[in-house]
Amino acid sequence: QVQLVESGGGLLQAGGSLRLSCAASGSIFSIKRMSWDRQVPGKQRELVAAITSAGNTNYADSVKGRFTISRDSAVNTTYLQMNSLKPEDTAVYYCNMRISSASSRFREYEYWGQGTQVTVSS
């Protein structure tokens with residue numbers, strides 16, 4: 001069984017910084033893609049940033065230059081460094097990983113973290 005556990009959300013003022021973490025545990029063979037998505041009540045979940053096993057990244061236009069996604073494959077963890085936060089960044093942030101397990105190395109399954117609230121006040 002694979003689990004993703006997120007940490008690092010909180011309440012802060014505009015212009016501040018926050019770092020989210022998401023660690024995967026369980027019987028993991030490989031993780032090809034890690035990403036962060038966010039959702040505001042009443043709206044669709046949107047991709048914020050993603051990183052591949054090769055280290056290639058992509059970002060939503062709204063966060064380019066302010067957010068940085070990274071990963072530590074040795075500990076199956078991804079991070080989202082968020083700088084210059086704006087009130088419109090307020091959302092629940094979810095990590096997502098595409099994982100192959102030790103018992104099923106040639107199939108990927110998608111896993112989600114529990115979500116962490118980020119609230120930015122003006």
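Please read these numbers as outputs of a predicted model, since none were measured by experiment.
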inquiry  = I need the minimum non-hydrogen distance between Leu80 and Ala49, along with the two atoms involved.
reply    =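 Looks like CD1-CB, 4.2 Å.
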I'd like to check [X] versus [Y] (side-chain heavy atoms, cut-off strictly below 4.5 Å). Are they in contact?
X: Ile99; Y: Leu4; answer: yes
X: Ile69; Y: Thr78; answer: yes
X: Ile31; Y: Asn76; answer: yes
X: Tyr79; Y: Asp72; answer: yes
X: Thr77; Y: Met34; answer: no
X: Gln117; Y: Thr90; answer: yes

Q.
Nearest 0.5 Å, please: how far is CZ in Arg98 from NZ in Lys32?
A.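 It comes to 10.5 Å.
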* To do: With rounding to the nearest 0.5 Å, note down the distance linking CZ in Arg105 to OG in Ser30.
  =>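 Taking CZ in Arg105 and OG in Ser30, the distance rounds to 9.0 Å.
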| query | What pairs of residues pass the side-chain hydrogen bond (donor to acceptor under 3.5 Å, both in side chains) test when at least one of them lies in residues 45-64, not counting sequence neighbours? | reply |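 Counting only pairs at least two positions apart or across chains, the side-chain hydrogen bond (donor to acceptor under 3.5 Å, both in side chains) contacts touching residues 45-64 are Arg38-Glu46, Arg38-Ser62, Gln39-Arg45, Asp61-Lys64.
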- Could you tell me how the ring of Tyr93 sits relative to the ring of Phe67: parallel (under 30°), tilted (30 to 60°) or perpendicular (over 60°)?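 Because their plane-to-plane angle lies in the 30° to 60° range, the rings of Tyr93 and Phe67 count as tilted.
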Q. Out of curiosity, does Met97 fall in the hydrophobic cluster containing Val92 (side-chain heavy atoms, cut-off under 4.5 Å, transitive links)?
A.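 Shared cluster, no.
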